[in-house]
Amino acid sequence: MKNLLNKLRKYEIQIRKAINSQMQGDFHSIFKGSGLEFDDVRAYQYGDDVRTIDWNVSAKGHGAFVKTFKEEKEQTVFFILDVSGSQEIGTEGKQKVDIGKEVCGVLALAAAKEGSQVGLVCFSDQKETYIKPAKGPKQAYEMIHELVKLKPKSTKTDLSKATLFSLNTLKRRSVMIFISDFIDEGYFHNLKGMAKKHDLVAIRITDKRETNLPKLGIVPVFDKESKKTVWVNTSFGNFRYNVKTNYAKSEEELLKFSKKHQINYVSIDTDEDYVPKLLKLFKVRNKSLKSV
C-alpha cells in the first residue's frame with residue numbers, strides 16, 4: 001500500500017507539473033467539464049450561439065429563446081472500474097486490473113486536490129464495491145485503500161449493468177471516468193445515455209497478449225470469466241488472424257462510437273507508460289472546453 005501510494009503521488013505530481021509548464025496557466029481542468037450548469041432561458045439576441053437555443057421553449061411561438069448557464073459550484077468525478085476476470089491478463093503486478101486501479105488512483109488524487117467530489121464503483125457482472133462521492137484527499141486515499149484490498153466475488157462482465165447503476169446513482173451532471181477493456185456486448189445503448197447526461201471519459205486498458213498469440217500448436221485456453229478450458233490449435237488456419245481482426249474491429253467500433261457521442265477516449269496498454277497518455281487526454285479536453 002505504501003509503495004503504491006508513493007508511486008501514485010509521483011505520477012500525480014508529474015502530471016500536474018507537465019500541465020502547468022506545457023499549458024502555461026491556460027488550462028481548463030479535466031475534471032471541470034464545461035464548468036457550467038443550466039440556469040434559465042432568455043430571449044435570443046443577435047450574436048448568441050445557435051447551439052444554446054432552447055427549441056422546446058422557442059416552439060411555443062413567442063420567439064426564439066436561448067439557455068443561460070451559471071458556473072458550477074461543485075464538480076463530481078465518478079469512477080467506474082471494471083474488475084471482472086478478463087482484467088486479470090498481463091504480467092504480475094501489471095495486469096489490466098492493476099493498471100486500471102493505478103489510473104483510477106492517480107486521477108482520484110488529482111481530482112480531490114482540485115476540490116472535486118470523488119466516488120467509485122467497481123463492477124464485474126455485479127456491484128463489487130461502491131464509495132459514495134465526497135470531497136477531500138482523505139476520500140481519495142480511502143478509494144485507493146479499497147482498490148488495494150478488493151477481491152471480486154464474480155469473474156463475469158456486465159458493462160450495461162455497471163452503466164445503468166451509475167446513471168441511477170448520480171442524478172446531477174458529473175464527470176464519469178469509465179475504466180475497462182470494454183470487452184462485452186449490448187452496452188452501447190446505456191453508454192449512449194450516460195454520454196448524453198454526463199461528461200464521459202472512456203479509458204480502455206489492453207494487453208498485447210490478447211492479440212499477439214504465438215504459434216504453439218494445440219494448447220488449452222482458460223476463460224477466467226466462464227472458468228472453462230477450451231483446446232485450440234494456434235497454428236492452424238486463421239485462428240490467430242481472426243482473434244486479432246475481431247479485437248481490432250471491436251476497438252474501431254468503440255472509437256467511432258466515442259467520436260459520435262462526444263466521449264473522450266484513450267487506450268492504454270499494460271506495458272506502456274500511461275502518464276503521457278493521460279496528459280494527451282488532458283490536452284484534448286482542454287482544447288474542446290476552450291471552444292465551448
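No experiment lies behind these values; they were computed from the predicted model shown.
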**Q.** Side-chain heavy-atom pair Glu12, Arg9 within 4.5 angstrom cut-off
**A.** no

Q | Steps toward side-chain contact (heavy atoms from CB on, under 4.5 Å) verdict (Leu4, Val148) | A | CA-CA 9 Å; Leu4 177 62; Val148 170; 3.4 Å; yes

Q. Linking I/L/V/M/F/W/Y whenever any side-chain heavy atoms sit under 4.5 Å apart, do Phe123 and Leu170 land together?
A. yes

Q) Rounded to the nearest 0.5 Å, how far does CD of Gln75 lie from CD of Glu114? A) 10.0 Å

Q: Answer yes if Leu107 and Met143 sit in the same cluster of Ile, Leu, Val, Met, Phe, Trp and Tyr residues linked by side chain heavy atoms under 4.5 Å apart, and no otherwise.
A: yes

(Q) Measuring only between side-chain heavy atoms, which start at C-beta, is Asp82 closer than 4.5 Å to Asp184? (A) no

Q: Would you check if the side chain of Asn190 reaches a backbone N or O of Ser160 as a donor-acceptor pair within less than 3.5 Å?
A: yes

Q: Take atom CD of Gln262 as the centre, draw a 6.0 Å sphere, and report whether it contains more than 12 heavy atoms from other residues, nucleotides or ligands.
A: no

Q) Any idea how Phe182 and Tyr187 line up, ring-wise: parallel (<30°), tilted (30 to 60°), or perpendicular (>60°)? A) tilted

Q | Met194 with Phe257, same ILVMFWY side-chain cluster at under 4.5 Å | A | yes

Q. Is any side-chain heavy atom of Ile131 closer than 4.5 Å to a side-chain heavy atom of Gln139?
A. yes

**Q.** Under 3.5 Å: donor-acceptor pair, side chain of Arg173, backbone of Lys197
**A.** yes

Q: Please report the shortest heavy-atom distance between Met176 and Ser166, naming the atom on each side.
A: CE-CB, 3.6 Å

Q: Would you confirm whether Glu128, through its side chain, and Ser154, through its main-chain N or O, come within 3.5 Å as a donor-acceptor pair?
A: yes

Q. How long is the gap from CG on Leu109 to CD1 on Ile144, to the nearest 0.5 Å?
A. 4.0 Å

Q: Show the numbers, then the answer: is there a side-chain contact (heavy atoms from CB on, under 4.5 Å) between Ile80 and Phe165?
A: CA-CA 10 Å; Ile80 308 164; Phe165 171 84; over 6 Å; no

Q: Indicate yes or no: at least one non-hydrogen side-chain atom of Ile183 is less than 4.5 angstrom from one of Arg204.
A: yes

Q. Does Asp269 offer a backbone N or O that forms a donor-acceptor pair with the side chain of Glu272 under 3.5 Å?
A. yes

Q.
Would you compute the distance between atom CG of Asp271 and atom CZ of Arg209 and round it to the nearest 0.5 angstrom?
A. 7.5 Å

Q: Mind running side-chain contact (heavy atoms from CB on, under 4.5 Å) on Val201 and Leu281 for me, showing each step along the way?
A: CA-CA 9 Å; Val201 178; Leu281 173 65; 3.8 Å; yes

Q: State whether the side chain of Ser58 and the backbone N or O of Phe65 hold a donor-acceptor pair below 3.5 Å, judged by distance alone.
A: yes

Q: Nearest 0.5 Å please: distance from the OG1 atom of Thr163 over to the NE2 atom of His189.
A: 11.0 Å

Q. Just wondering, do Phe188 and His261 contact through their side chains at under 4.5 Å, heavy atoms?
A. no

Q: Could you state whether Leu278 and Ile263 fall into the same hydrophobic cluster, counting links through intermediate Ile, Leu, Val, Met, Phe, Trp or Tyr residues with side-chain heavy atoms under 4.5 angstrom apart?
A: no

Q. Looking only at heavy atoms, what is the nearest atom pair of Ala112 and Val118, with distance?
A. N-CG1, 4.2 Å

Q.
Within this structure, what is the NZ-NZ distance for the pair Lys127 and Lys153, rounded to the nearest 0.5 Å?
A. 10.0 Å

Q.
Looking at Asp125, is its backbone amide N or carbonyl O close enough to the side chain of Lys156 to form a donor-acceptor pair, meaning the two atoms are under 3.5 Å apart?
A. no

Q. Any donor-acceptor pair under 3.5 Å linking the side chain of Lys277 with the backbone of Ser267?
A. yes

**Q.** Heavy-atom side-chain contact between Tyr274 and Val106 under 4.5 Å
**A.** yes

Q. Can you tell me how far the CD atom of Glu146 sits from the CG atom of Leu81, to the nearest 0.5 Å?
A. 12.5 Å

Q.
Looking at Lys96, is its backbone amide N or carbonyl O close enough to the side chain of Thr270 to form a donor-acceptor pair, meaning the two atoms are under 3.5 Å apart?
A. no

Q) If you take all heavy atoms of Cys122 and Leu147, which pair is closest and at what distance? A) SG-CD2, 3.6 Å

Q. Which of these passes side chain to side chain contact (heavy atoms under 4.5 Å, CB included) with Ile99: Ile179, Ile205, Thr206?
A. Ile205

Q) When hydrophobic residues are tied together by side-chain contacts of less than 4.5 Å, even through go-betweens, does Val266 share a cluster with Leu159? A) no

Q.
Using side chain to side chain donor-acceptor pair (under 3.5 Å), reason through Asp181 and Ser86 one step at a time and then give a plain yes or no.
A. CA-CA 8 Å; Asp181 56 14; Ser86 67; 2.9 Å; yes

Q | Leu191 vs Leu200 side-chain heavy atoms within contact, under 4.5 Å | A | yes

Q | Any Leu167 side-chain heavy atom under 4.5 Å of His198 side chain | A | yes

Q: Mark yes or no: Arg172 above the aromatic ring of Phe78, with NZ or CZ under 6.0 Å from the six-membered ring centre and no more than 45 degrees from the axis.
A: no

